[in-house]
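Each chain gets a letter, A, B and so on, in the order the sequences are listed, and its residues count up from 1. Every value quoted in this text rests on a predicted model; they were computed, and no experiment measured them.
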Protein chains: 2
Amino acid sequence: MGRWEPDARGRLEQAALALYGERGFEQTTVAEIAARAGLTERTFFRHFADKREVLFAGAGSLQDLLVSTLDSTPDSAAPIDAIAAALAAAGARLQERREYARQRQTVIAANAELQERELIKLASLSAALADTLRRRGVTDPAASLAAEAGIAVFRIAFELWINDQRDLPQLIRESLDELKAVTAGE
Amino acid sequence: MGRWEPDARGRLEQAALALYGERGFEQTTVAEIAARAGLTERTFFRHFADKREVLFAGAGSLQDLLVSTLDSTPDSAAPIDAIAAALAAAGARLQERREYARQRQTVIAANAELQERELIKLASLSAALADTLRRRGVTDPAASLAAEAGIAVFRIAFELWINDQRDLPQLIRESLDELKAVTAGE
DNA sequence: TAAGTTGATGACAGTGACTGACATCGACTC
DNA sequence: GAGTCGATGTCAGTCACTGTCATCAACTTA
């Protein structure tokens, strides 16, 4: 056995989610999280840039999945449909950890600072999707708009999924159809 | 003359924007802002909830303008078009203080924390617009989607406006047309 | 196998954002 | 003239976050 218990990072993530759920984000100190994980406050900040980031560690891999799915979508698909397909794939991945996602979302919904962090992660996803579209030859502002609209669709569908029990990829497709109906103008 | 110089809040806003522009947001302490305004740190926090909020004091009145404009739009207009009209009105107001808006946006663009705050303000705008649509009888998720899509249109148009010299309400209308083209599916 | 290196962690002091409690004092009221 | 009020100042305290140096098991290399 090593000098330390393994997976310090994972223990910190678990301890943080548990404590944020029990007492709330603001009422939890980083020192308490670290203590529950058997570590010190200083070590927490070596693994996570700040107190919020511990809830968003998985965002990077989700973004990778989104981009690679979008990249492997045939160019024949319209940009907004290609994005929706990528979002549906990401949605399927999220759905595998429904209980975790729900618990995490409850914590985020209870705190404005965490919502801010979530919004900037979604904006980062949007930027990555727009970049990928541009590499496929989609010009701006169409690329940015398709990405932003896709993220909007995802947000709406995700919110429905948290409350209902329905299939997230399906909700994403339905939300996209709603958006198409809403924007079908003049 | 009163006991204190007038408009302490306004002086704090000016001092903060100037200092954030000169040295950057992180390199500026609240004590420095207060000193430049002839006040103390404690007084800063009586006027603004935190160090970021001093840049977002005008968000409330912009939201009021948006909502009242949307409220006075005839029900015959499609939801997305009513929202675009409200956004164009808000755009016209922003355009009256172009240089201020540009300076402020430069500061925000240079700092992730400020971008987070801006995103949650936009999300709040979106929620207010969706609420207003619901009061007009638009059902969800169409109301939320129209509001989110509208905010996406606004973001894209605003970014173009900062860089170009073109008319912001016009850019908003053009971005909406782009969105309609992008989402015109199958 | 002894010596050196590495990488994750601990210990500790320091800065700055933010808060609560209390004091101050000109303006305004009666 | 006494009392109240509202904006500000003062001060002590908590906690997020950072820089620096020490520790020590595992790994490397001669």
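As rounded to whole Å, 17 Å separates atom P of dT14(D) from atom CD of Q27(A). If you measure from atom CG of L39(B) to atom P of dG9(D), you get 5 Å, rounded to the nearest angstrom. The interatomic distance linking F48(A) (CZ) with dA16(D) (C1') rounds to 16 Å, in whole Å. If you take CZ of F25(B) and P of dG16(C), they are 14 Å apart, rounded to a whole angstrom. In this structure, the CZ atom of R52(B) is 7 Å from the P atom of dC18(C), given to the nearest Å. Atom pair E32(A):CD and dC15(D):P shows a separation of 8 Å (rounding to whole Å applied). Summarising the geometry, the separation between CD on E41(A) and P on dT14(D) is reported as 14 Å, rounded to the nearest angstrom.
OP1 or OP2 of dG10(C) has at least one side-chain nitrogen or oxygen of T40(A) nearer than 4.0 Å. Between H47(A) and dT9(C) there is a side-chain N or O to OP1 or OP2 distance below 4.0 Å.
Side-chain proximity of R3(B) to the nucleotides dA17(C), dC17(D), dA7(D) is greatest for dA7(D). Among the nucleotides dC17(D), dT19(C), dT8(D), the one closest to any side-chain atom of F45(A) is dC17(D). Among dT8(D), dT18(D), dT9(C), the nucleotide with an atom closest to any side-chain atom of W4(B) is dT8(D).
The base of dG7(C) is not paired with the side chain of R46(A) by any donor and acceptor separated by under 3.5 Å.
Counting non-hydrogen atoms of other residues, nucleotides and ligands closer than 6.0 Å to CZ of R135(A) gives a total above 12.
Ionic pairing of K51(A) and E113(A) is not present here: no N-O contact between side-chain nitrogen and carboxylate oxygen is shorter than 4.0 angstrom.
Every residue meeting the side-chain contact (heavy atoms from CB on, under 4.5 Å) condition with S126(B), not counting sequence neighbours, appears here in chain and number order: A147(B), E148(B), I151(B).
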